[in-house]
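In this text the structure is predicted, and so the values were computed from the model without any measurement. Ligands are counted one by one from 1 in listed order, and the atoms in each one are counted from 1 as well.
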Amino acid sequence: MRTQVAIIGAGPAGLLLGQLLHRAGIDAVILEQRSREYVLGRIRAGVLEPGTVEVLDYAGVSKRLHSDGLTHDGIEIGFEGRRHRIDFKDLIGSSVTVYGQTEITRDLMEARAAGGAVSLYEVHDVAVHDIASHSPKVSFVRNGVADTIECDFIAGCDGFHGVSRPSIPAGALTLHERTYPFGWLGVLADVPPSWPELIYANSDRGFALASMRSPTRVRCYVQCPLQDRIEEWSDGRFWDEFRRRIGGDVAERMITGPSIEKGIAPLRSFVAEPMQFGNLFLAGDAAHIVPPTGAKGLNLAASDVWYLYQGLREFYRERSRAGLDRYSQRCLGRVWKAARFSWWMTTQLHRFPGTDAFHDKIQAAELDYLFSSRAAQCSLAENYVGLPLDPRS
Ligand code: RFL
Ligand code: PHB
């Protein structure tokens with residue numbers, strides 16, 4: 001089999017790249033180790049920056065996003081029994097869109113099927129070869145039969161645990177990492193949210209996030225110890241803990257219901273530099289992970305893909321490698337700023353085990369400054385809503 005771009009991974013990064021390339025007449029094959037249903041069953045991101053929405057508009061997959069997505073003009077931050085609103089619209093004249101990653105994935109899968117582009121699901125033993133050459137290859141096994149795709153470029157969109165990043169020779173990559181001493185326990189439930197906007201709460205029992213997917217579906221999280229097992233968290237225990245952390249009128253009026261999904265995710269900051277080697281390009285979680293507190297992971301995947309798409313289009317239209325050669329550099333400026341913001345949100349809003357009173361006082365001072373300074377609020381708003389995709393060109 002031969003294609004122009006072999007894409008490993010059918011998460012949002014791989015599917016979005018496939019869609020952009022398909023519309024530009026560039027041939028691509030997507031290889032995914034899981035089934036379609038499994039990919040659609042993963043509950044993850046929920047907040048889209050306007051820049052991500054623009055890329056999805058450009059890719060022609062935003063019809064449902066515009067009809068079903070919820071526009072949010074701000075967020076609330078809970079601390080010491082009070083909630084403070086950060087009004088994006090007033091501060092920076094912009095907003096975010098609440099629309100689930102699952103729905104974006106579904107929209108992209110449907111567009112790909114309608115366009116007749118090739119996606120191979122449930123492929124195993126995916127391996128990349130000759131990535132430093134002009135004719136890289138991807139080998140894999142499907143239905144017990146070994147096969148190889150020859151291509152011009154490989155896009156490693158296979159997430160943090162994929163095969164692409166580890167295929168780059170040791171020594172060519174620098175890895176930067178921070179882990180956090182807690183995870184997020186998340187619950188999805190079919191009940192209407194009793195909060196109009198997302199609430200990020202730093203309570204003395206730990207962090208909680210009140211989010212949503214639609215007017216009839218909530219997504220809620222609590223910070224939990226890393227060693228907690230999901231079986232220890234009945235729905236009743238989760239809602240009780242969530243209520244205590246969110247507090248106030250929301251705790252009193254909120255409606256709870258049985259969880260339709262429940263999981264614990266560890267928190268990590270990770271960046272691999274550079275994001276390319278030869279003709280292998282990493283995009284999305286394959287190259288970097290941010291803790292979910294800043295809602296940046298999916299948005300970074302979309303901006304990487306946008307830059308990679310531009311580089312590939314330039315190569316096929318103008319036979320110029322200039323955009324591809326600059327790919328990593330273009331991505332990393334934005335990646336590090338999102339890594340900083342996500343680390344900052346995580347640090348300010350969670351309770352860290354084993355810290356002293358000095359740490360707590362500094363955290364309280366930082367939040368007090370945020371609630372009282374328009375400049376600090378503008379900075380949060382600007383980063384949350386998303387830094388421009390391309391400040392220099
Ligand atoms: P994905 O989604 O992990 O997709 C990678 C795909 O590659 C496949 N794969 C392979 N395929 C073939 N061969 C192999 N060897 C393979 N190895 C892996 C996998 O099966 C998978 O289908 O990465 P991608 O596309 O880069 O997308 C990244 C986003 O999924 C991620 O950054 C976000 O979900 C992060 N995130 C959030 N991001 C936001 O922008 N806003 C949010 O509100 C937000 N909330 C979250 C989040 C992530 C969370 N978790 C669970 C980590 C909330 C949570 C709880
Ligand atoms: C979500 O709705 O899943 C969500 C929203 C905001 C975040 C993280 C997750 O910061």
Leu198 and Val96: CA distance, side-chain angles, deciding distance, side chain to side chain contact (heavy atoms under 4.5 Å, CB included) verdict
CA-CA 11 Å; Leu198 271 59; Val96 292; over 6 Å; no
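For a threshold of 3.5 Å applied to N or O pairs, the pair formed by Gly14 and ligand 1 contains no separation below that value. Some N or O of Ser211 is nearer than 3.5 Å to an N or O of ligand 2, by distance alone. Geometrically, ligand 2 and Ala45 share no nitrogen or oxygen pair separated by less than 3.5 Å. Considering backbone and side-chain atoms together, Arg219 places no N or O closer than 3.5 Å to any N or O of ligand 1. Ligand 1 has no N or O atom lying under 3.5 Å from any N or O atom of Val126, backbone or side chain. Close N/O approach between Ala286 and ligand 1 is not found [any backbone or side-chain N/O within under 3.5 Å].
Residue contacts with ligand 2, taken as heavy atom pairs separated by less than 4.0 Å, do not involve Ile43 at all. Looking at Val98 against ligand 2, nothing comes within 4.0 Å, counting heavy atoms.
For the atom pair OG1 (Thr52) and CG (Asp57), the distance works out to 11.0 Å, reported to the nearest 0.5 Å.
Within the 4.0 Å heavy-atom shell around ligand 1 one does not find Phe140. At least one heavy atom of Cys157 sits under 4.0 Å from some atom of ligand 1. Proximity of Trp184 to ligand 2 is established by a heavy-atom distance of less than 4.0 Å. Taking a 4.0 Å cut-off on heavy atoms, Arg213 registers as neighbouring ligand 2. Ligand 1 lies less than 4.0 angstrom from a heavy atom belonging to Arg42.
With atom 36 (N) of ligand 1 as the reference point, the heavy atom nearest to it among Ala45, Ala10, Pro266 is part of Ala45. Atom 41 (N) of ligand 1 has its nearest heavy-atom neighbour, among Gly159, Ala295, Gly263, in Ala295. Which of Gly100, Ala13, Gly9 comes nearest to atom 25 (O) of ligand 1 through a heavy atom is settled by distance: it is Ala13. Distances from atom 27 (O) of ligand 1 to the heavy atoms of Pro291, Gly284, Pro12, Ser164 put Pro12 nearest. When the heavy atoms of Arg44, Arg268, Gln33 are ranked by distance to atom 51 (C) of ligand 1, first place goes to Arg44. For atom 20 (O) of ligand 1, the choice among Gln101, Glu32, His124 with the nearest heavy atom turns out to be Glu32. For atom 43 (O) of ligand 1, the nearest non-hydrogen atom from the set Gly46, Ala265, Ser211 belongs to Gly46.
Under the 4.5 Å side-chain heavy-atom criterion for Ile, Leu, Val, Met, Phe, Trp and Tyr, Trp336 and Trp306 are members of the same hydrophobic cluster.
Salt bridge present: Glu103 and Arg106 bring a charged side-chain N and a carboxylate O closer than 4.0 Å.
Looking at atom 6 (C) of ligand 2, its nearest protein heavy atom turns out to be Tyr200 OH, 3.2 Å. The protein heavy atom nearest to atom 3 (O) of ligand 2 is Tyr221 OH, 2.6 Å. Looking only at heavy atoms of the protein, atom 18 (C) of ligand 1 is closest to Asp158 O, 3.1 Å.
Between Phe315 and Arg321, some side-chain heavy-atom pair lies under the 4.5 Å cut-off. Side-chain contact between Arg85 and Glu197 is present, with heavy atoms from C-beta onward closer than 4.5 Å.
For the side chain to side chain donor-acceptor pair (under 3.5 Å) test, residues two or more places apart in sequence or in another chain that qualify with Thr346 are Thr293.
Ring pair His350/Tyr180: centre-to-centre distance not below 6.0 Å.
Relative to the ring axis of Tyr221, Arg245 does not place its NZ or CZ within 45° and under 6.0 Å from the centre.
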